[in-house]
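The structure under discussion appears below in the form of structure tokens.
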Protein chains: 2
Amino acid sequence: MAEGHGSASGGENLLFLTDEQLRKGIEAMFFAYRGFTADPDRILEDHAYGRAHHRALHFINRTHGTTVNNLLALLGVTKQSLNRVLRTLIEDGLVESRVGRTDRRERNLYLTPKGEALERALSEAQRERMRAAYRAAGPQAVAGFRQVLEAMMDDDIRRQYLGLRDRRP
Amino acid sequence: MAEGHGSASGGENLLFLTDEQLRKGIEAMFFAYRGFTADPDRILEDHAYGRAHHRALHFINRTHGTTVNNLLALLGVTKQSLNRVLRTLIEDGLVESRVGRTDRRERNLYLTPKGEALERALSEAQRERMRAAYRAAGPQAVAGFRQVLEAMMDDDIRRQYLGLRDRRP
DNA sequence: TTGGAATGTCAACAAGGCTGACTTAAAATG
DNA sequence: CATTTTAAGTCAGCCTTGTTGACATTCCAA
């Protein structure tokens, strides 16, 4: 069923499409993701938070004043699931929820200084590993890395990903 | 704290090490991993299995006759957690557990034909997405993708990853 | 023969997903 | 203005998958 896809039957070099190559790629994703989350996870433990809190902090920092609905779409979870996380972050004073100015049904989410501090610590740990990996692999490899990851996303997610802009305070 | 790392202060082009570039890489990992697991997840739903079952099937298929301890190290979970998954797979006739020949304390794990069928279906769905992504990005990008992912792994995991050999039946 | 390793199992717990039902407030629409 | 729709929040309950801790069994090896 799966055989023959990556055979070198064509004129071009398609060895990188071998099932074995694809399997190695799959395993690389699995193992690399473990490393990717390992450092922030250690920090989160000390605060009795989990990965879900990290993700919320990351995207609230990324898109200042975003609404809950917006965040739901980015994270791909239900509002009940997000709400549980968001509530603790608000109670603990890491996130501020302000009533929307134009549409008062909406809530705009912001990090407090305390929230920014934790986000920075988590992000810095994660970026440090990325930085080391990027440096080890070099700029050309990094470009390829990003290309493959983008091609791997679902279409609607890719649009959201590409739309994320760096905040300028 | 994190600022200035990727500044273009050196003579070389280090723009790919900007904090903003690193953040995009982090988000790319997050979103791509969602796509990466989406297709197998849909198949697993129909069988009332979860991702944990997929991972077990994958690595048992990959390393025929592996022991439980070996599998634990690969998966990075506790034996209690793996055991729960393994038990259902054995009960359902997807995995066979044979007493070790040289060391009778060990159990060697094998996929049954039924187990191989499910593994193939899951793997094929996942490989199809990888194949599309690889094809879209091209061989050079794929090489870079693998380089960065390898550099992102923990050292001991990278050794295990590199040690995984394709099975030849 | 005894210590320790490999495995398996039980119980209890937590995080973080999910669905479904329901409320409140406010906007949008007829 | 009345109605419908939307955004958000909440409660209850369920599932998967991870965790500890305790304990039994088997059996290799010193």
A:F36 versus B:I26, closest heavy-atom pair with distance: CZ-O, 3.4 Å
If you check the B:D103 side chain, which of D:dG18, D:dG9, D:dC28 turns out closest? D:dC28
Choosing from D:dG18, C:dT7, C:dG17, which nucleotide comes nearest the side chain of A:R55? C:dG17
What is the distance from CD of B:E106 to C1' of C:dG8, rounded to the nearest Å? 14 Å
If you assign each of A:V77 and B:N69 to its closest nucleotide in DNA chain C, which residue comes earlier from the 5' end? B:N69
Quick note, A:R105 side chain, CB onward, closest among D:dT17, D:dT5, D:dC28 is D:dT5
Determine whether a donor-acceptor pair (N or O, by modelled atom type, separation under 3.5 Å) exists between the side chain of B:D103 and the backbone of B:R105. yes
Check the distance between C:dA5's C1' and B:N70's CG and give it to me in whole angstrom. 15 Å
Let me know the distance between CZ of A:R101 and C1' of C:dA27, rounded to the nearest Å. 18 Å
Could you check whether B:T67 and B:R107, counting side-chain N and O atoms only, form a donor-acceptor pair closer than 3.5 Å? no
Atom CG of A:D41 and atom P of D:dG18 are separated, to the nearest Å, by 13 Å
Within the structure, does a side-chain N or O atom of A:H53 lie under 4.0 Å from either OP1 or OP2 of C:dG16? yes
A:Q140 CD: over 12 foreign heavy atoms closer than 6.0 Å: no
Any side-chain N or O of A:T78 under 4.0 Å from OP1/OP2 of C:dG17? no
With DNA chain C as reference, determine whether A:Q80 or B:K79 sits nearer its 5' end, using the nearest nucleotide of each. B:K79
Expressed as a whole number of angstroms, how long is the span from A:L44:CG to C:dA14:P? 18 Å
Under 4.0 Å between a side-chain N or O of B:R104 and OP1 or OP2 of D:dC27? yes
Have A:H58 and B:E27 got a donor and an acceptor in their side chains that come within less than 3.5 Å? yes
At a heavy-atom distance below 4.0 Å, what parts of residues 81-95 of chain A sit against DNA chain C? A:S81, A:R84
Parallel, tilted or perpendicular: ring planes of A:Y161 versus B:F31, cut at 30 and 60 degrees: perpendicular
Main-chain N/O of B:L22 paired to A:R127 side chain as donor or acceptor, under 3.5 Å: no
